[in-house]
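See structure below.
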Amino acid sequence: MTTVTPPHHRLDGPEGAPVVVLGPSLGTTMDLWLPQLPALSRSWRVLRYDLPGHGQEPPPSGPVTVDGLADGVARLLDDLGIDRVAYAGVSVGGAVGTTLALRAPDRVASLILCCTSPRFGDPGPWRDRAALVRREGVGPVADSAAGRWFTPSFTGADPYVAMLRATDPGGYAACCEALAGFDVTARLGEITAPTLVIAGDQDLPTPPKGHADLLAEGVPGARLTVVDDAGHLANAERPGPVTDAIIQHLDRTAHLDRTWKGTGR
Ligand SMILES: O=C(O)CC1=CCC(=O)O1
């Protein structure tokens, strides 16, 4: 049996406020969410975590799956004594949230899926990327990251690319392999959490068409917001509209769900 370990994490915001978990993308750390942290942590207890081999989380000792990442988040909630949360995730962080909402529906009161997908394309290119990084390190994927993550006019890419350059190659490769095995397209109709899908209109890895639209059409009652002039890391490139959309959804869903109380100690 695989041991599920809770990931490295950090809590900000008022103790006792409802908890919002923020999931990072491939090659970034919990600091991907720094643009949203001041606004969110005014009213919410914000729980951020790192992916295996990313940020301060050690590299994995074996294969990584998105199911395993979601189970790690659930285990973290257990350890912190938190029953129900809102979950917002970017890209693979969104896949973790989608999976948590499927595997532990009672724990997800509200879901925000940002620049993500129920299936990140064919598995082959992800396995090829994992093999490249295991062979040559993260250098080649870091050199091309700004072009995958942001629109050409964005000038603030450096801190995000630096997160990828500091990522452990084994951890990065294992997360690519997790994405190769991820496909929840056929299960989206089972999600019960009120869901907001946020897309960047110029997102190259997960464009609105074929990714965000599948989520918005597949998750019952989901709403879709497409942010203008935004690439894949839309929350970093266009923090204003993304933060506003997240807060509106949190406010609306918190109002709907009176059982959603955080401890977040
Ligand atoms: O390829 C990238 O770097 C973009 C990406 C795909 C999944 C994810 O989390 O980031």
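Both ligands and their constituent atoms are indexed starting at 1 by order of listing.
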Just which atoms of ligand 1 are under 4.0 Å from any heavy atom in [X]?
X	result
Leu179	7 (C)
Arg129	1 (O), 2 (C), 3 (O)
Ser25	9 (O)
Arg148	1 (O), 2 (C), 3 (O)
Leu26	8 (C), 9 (O), 10 (O)
Val92	8 (C), 9 (O)

Open item on the list: I need the contact type for Val90 against ligand 1. Using non-hydrogen atoms and a strict under-4.0 Å cut-off, is it side chain, backbone, both or neither?
Closed with: neither
Open item on the list: Below 4.0 Å, non-hydrogen atoms only: which portion of Phe182 touches ligand 1? Side chain, backbone, both or neither.
Closed with: neither
- [ ] For atom 5 (C) of ligand 1, grab the closest protein heavy atom and report residue, atom and distance to one decimal in Å.
- [x] His232 NE2, 3.4 Å
- [ ] Could you check atom 3 (O) of ligand 1 against the protein and tell me its nearest heavy-atom contact, residue, atom and distance included?
- [x] Trp149 NE1, 2.9 Å
- [ ] Please check if atom CD in Gln56 has more than 12 non-hydrogen atoms from other residues, nucleotides or ligands closer than 6.0 Å.
- [x] no
In Å, rounded to the nearest 0.5 Å, how long is the span from [atom1] of [X] to [atom2] of [Y]?
X	Y	atom1	atom2	value
Thr195	Leu111	OG1	CG	4.0 Å
Ile82	Leu76	CD1	CG	7.0 Å
Leu11	Leu47	CG	CG	5.0 Å

Task: Result of checking Thr206, Val227, Asn235 against Cys115 for side chain to side chain contact (heavy atoms under 4.5 Å, CB included) - done: Thr206
Open item on the list: Between Ser91 (side chain only) and Gly93 (backbone N and O only), is there a donor and an acceptor less than 3.5 Å apart?
Closed with: no
Task: Side-chain donor/acceptor of Asp50 to backbone N/O of Met30, under 3.5 Å - done: yes
Open item on the list: Below 3.5 Å, N or O to N or O, backbone or side chain included: is there any such pair between Trp126 and ligand 1?
Closed with: no
Task: Shortest heavy-atom approach to atom 6 (C) of ligand 1 - which of Gly94, Ala178, Ser91 - done: Ser91
Open item on the list: What I'd like to find out is whether the side chain of Cys176 reaches to under 4.5 Å of the side chain of Val133, using heavy atoms alone.
Closed with: no
